[in-house]
Amino acid sequence: MIPWVHLGTAQIPNNGGELKFSQRGDEFSIRLSGIRGELMNSRVFNSEKELAQLGCAYIKSTANAQVLVGGLGMGYTLAETLKVVNDSAQVTVAELIPEVVKWNQGPLGDCAKNPLKDPRTQVHIGDVKELLVTRQPTFDAILLDVDNGPEGLTHADNNWIYSVSGLEDIYQTLRPNGMLAIWSAGPDYLFSVRLKNAGYDVDTRVVRARKGKGSHHTIFLARKK
Ligand SMILES: C[S@@+](CC[C@H](N)C(=O)[O-])C[C@H]1O[C@@H](n2cnc3c(N)ncnc32)[C@H](O)[C@@H]1O
């Protein structure tokens with residue numbers, strides 16, 4: 001059995017605990033401190049890719065599409081977004097924790113084939129919220145996978161994203177017919193209602209953690225009318 005090797009630790013802002021980054025052979029893991037368990041594993045990424053495919057389906061051939069991905073994690077959603085959109089698109093990835101960006105520039109880079117090196121990628125180090133409160137119609141698609149979903153917060157400050165006022169602000173940063181796609185560990189009927197109340201057309205899809213198997217996750221698809 002290959003042992004896990006600890007590669008790094010990062011602080012989550014506002015006393016949110018720590019992220020611990022480790023490697024075992026060609027497998028990588030990012031864990032939350034305490035009993036909160038594994039946040040990401042490099043072998044489990046199907047639903048992260050589906051988030052990009054579903055969220056960007058409408059803008060495959062849109063010229064100069066602007067996409068926001070939050071957060072970076074192990075880069076799978078970002079890499080899939082870059083596959084779906086065309087050469088004229090710009091993709092901004094927002095990542096709260098600077099070390100996560102460094103890990104992706106280093107040992108994690110190969111997992112998702114180095115999406116940070118793609119010339120269409122721009123990195124925003126900081127809270128994705130900073131890009132979602134501008135009230136300027138900026139993005140054709142916003143893909144959010146920053147937490148476990150509306151009911152499973154690991155970072156309390158992310159509450160805002162799932163609140164009515166957060167969803168209304170995000171609506172304003174979408175261009176006409178823009179798509180907000182949100183990854184969630186499971187279904188949440190009340191969250192769908194909040195999305196509708198904030199003005200979106202709402203659809204939900206169940207996707208698998210691994211291709212054709214593994215846990216069931218939910219992608220909320222909320223389209224600006
Ligand atoms: C589950 S991971 C994302 C996995 C990613 N979809 C992938 O394909 O690997 C969540 C990421 O969001 C980041 N994050 C959490 N809250 C954030 C926020 N408010 N703004 C930006 N990034 C955030 C975390 O540091 C972590 O890297």
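First listed ligand is number 1; within each ligand, the first listed atom is number 1.
When only modelled atom types and interatomic distance are considered, Glu18 and Thr9 share no side-chain donor-acceptor pair under 3.5 Å.
In this structure, Tyr200 and Tyr171 have perpendicular ring planes: the angle between them is above 60°, well past the 30° mark. In this pair, Phe191 and Phe220 present their aromatic rings perpendicular. The plane angle is above 60°, beyond the 30 to 60° band.
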Need the list: ligand 1 N/O atoms against protein N/O atoms, distance under 3.5 Å, rounded to one decimal.
{"unit_1": "ligand 1", "atom_1": "6 (N)", "unit_2": "Thr77", "atom_2": "OG1", "d": "2.9"}
{"unit_1": "ligand 1", "atom_1": "6 (N)", "unit_2": "Asp145", "atom_2": "OD2", "d": "2.7"}
{"unit_1": "ligand 1", "atom_1": "8 (O)", "unit_2": "Tyr76", "atom_2": "N", "d": "3.1"}
{"unit_1": "ligand 1", "atom_1": "8 (O)", "unit_2": "Thr77", "atom_2": "N", "d": "2.8"}
{"unit_1": "ligand 1", "atom_1": "8 (O)", "unit_2": "Thr77", "atom_2": "OG1", "d": "3.2"}
{"unit_1": "ligand 1", "atom_1": "9 (O)", "unit_2": "Met74", "atom_2": "N", "d": "2.7"}
{"unit_1": "ligand 1", "atom_1": "9 (O)", "unit_2": "Gly75", "atom_2": "N", "d": "3.3"}
{"unit_1": "ligand 1", "atom_1": "16 (N)", "unit_2": "Asn158", "atom_2": "ND2", "d": "3.1"}
{"unit_1": "ligand 1", "atom_1": "19 (N)", "unit_2": "Asp127", "atom_2": "OD1", "d": "2.9"}
{"unit_1": "ligand 1", "atom_1": "19 (N)", "unit_2": "Asn158", "atom_2": "OD1", "d": "2.8"}
{"unit_1": "ligand 1", "atom_1": "20 (N)", "unit_2": "Val128", "atom_2": "N", "d": "2.9"}
{"unit_1": "ligand 1", "atom_1": "22 (N)", "unit_2": "Leu96", "atom_2": "N", "d": "3.1"}
{"unit_1": "ligand 1", "atom_1": "25 (O)", "unit_2": "Glu95", "atom_2": "OE2", "d": "2.6"}
{"unit_1": "ligand 1", "atom_1": "27 (O)", "unit_2": "Gly73", "atom_2": "N", "d": "3.2"}
{"unit_1": "ligand 1", "atom_1": "27 (O)", "unit_2": "Glu95", "atom_2": "OE1", "d": "2.7"}
{"unit_1": "ligand 1", "atom_1": "27 (O)", "unit_2": "Glu95", "atom_2": "OE2", "d": "3.4"}

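Put simply, the side chain of Thr121 gets close to the backbone of Pro115: a donor and an acceptor are under 3.5 Å apart. With hydrogens and angles ignored, the 3.5 Å screen pairs a side-chain donor or acceptor of Arg194 with a backbone N or O of Tyr162. In this structure, the side chain of Asn86 engages the main chain of Thr62 through a donor-acceptor pair within 3.5 Å.
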